[in-house]
Amino acid sequence: MKKIYLFSLLIFFSLPINAQQKRLKLSSDIWPPFTDIKNNTAFAIDLVKLALSRSGISIENEITEFDQVLEGIKNGEIDGSAALWKDKEREQFLSFSEPYLQNQLILVGRKGSEINYSSWSELKGKK
């Protein structure tokens with residue numbers, strides 16, 4: 001009987017610990033389709049939300065101006081962001097995960113215009 005009683009107490013006192021789910025407050029600026037206003041496609045936010053939920057962590061995400069995202073993280077009002085570019089300045093006060101999405105920008109111009117592959121290659125070579 002003591003074993004059942006002890007086991008019941010153990011389960012009872014462990015339930016509140018397991019029932020508590022950690023919640024992170026994240027913030028991002030508008031960057032469709034990676035982050036966007038509520039009810040629009042937001043690939044980065046949706047991916048981060050799913051990954052963290054599998055670890056028992058939920059998120060509250062706010063879309064705001066970019067400067068407010070960084071300021072909120074610096075002053076502790078925001079825990080982090082689902083999507084930020086990594087650079088040396090931000091590495092001074094932020095910890096970055098391994099990349100989970102990759103974005104490549106390309107120069108596009110109308111055929112026959114001055115913007116073409118060969119002119120862009122020449123420009124890239126003049127760093």
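- Hydrophobic clustering (ILVMFWY, side-chain heavy atoms < 4.5 Å, transitive): Phe43 and Val69 are in distinct clusters.
- Applying the 6.0 Å contact sphere to CD of Glu91 captures more than 12 heavy atoms from other residues, nucleotides or ligands.
- Considering every non-hydrogen atom in both Glu60 and Arg23, the closest pair reads CB-NH2, 3.6 Å.
- Between Trp31 and Trp85, the ring planes lie tilted relative to each other; the angle falls in the 30° to 60° range.
- At least one donor-acceptor pair under 3.5 Å links the side chain of Asn75 to the backbone N or O of Glu71.
- Two different hydrophobic clusters hold Leu47 and Phe96 under the rule that ILVMFWY side chains link at heavy-atom gaps under 4.5 Å.
- Nearest heavy-atom pair across Asp79 and Leu24 is OD2-CA, 3.3 Å.
- Put simply, Ile73 and Ile57 are part of two different groups of oily side chains (I, L, V, M, F, W, Y) that touch within less than 4.5 Å, one to the next.
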Practice item. Mind running salt bridge (Lys or Arg N to Asp or Glu O under 4.0 Å) on Arg90 and Asp87 for me, showing each step along the way? Key: CA-CA 6 Å; Arg90 294 180 196 147; Asp87 66 21; 3.7 Å; yes
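- Atoms NZ and OG, from Lys49 and Ser58 in turn, are 8.5 Å apart once rounded to the nearest 0.5 Å.
- Of the inter-residue distances, the one linking Ile45 atom CD1 with Asp36 atom CG reads 8.0 Å to the nearest 0.5 angstrom.
- Between Leu84 and Phe66 the shortest heavy-atom distance is CD2-CE1, 3.5 Å.
- Pairing each heavy atom of Ile78 with each of Ser27, the nearest pair is CD1-CB, 3.4 Å.
- Checked by atom type and distance alone, the side chain of Asp29 never pairs as donor or acceptor with a backbone atom of Thr64 at under 3.5 Å.
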**Study point:** Asn61 vs Thr35, side-chain contact (heavy atoms from CB on, under 4.5 Å): CA-CA, chis, key distance, verdict
**Key:** CA-CA 10 Å; Asn61 190 73; Thr35 63; 5.9 Å; no
Check your understanding: Should Ser28 and Ser81 be marked as a side-chain hydrogen bond (donor to acceptor under 3.5 Å, both in side chains) after you check the CA-CA gap, both sets of side-chain angles, and the distance that decides it?
Key -> CA-CA 6 Å; Ser28 302; Ser81 179; 3.3 Å; yes
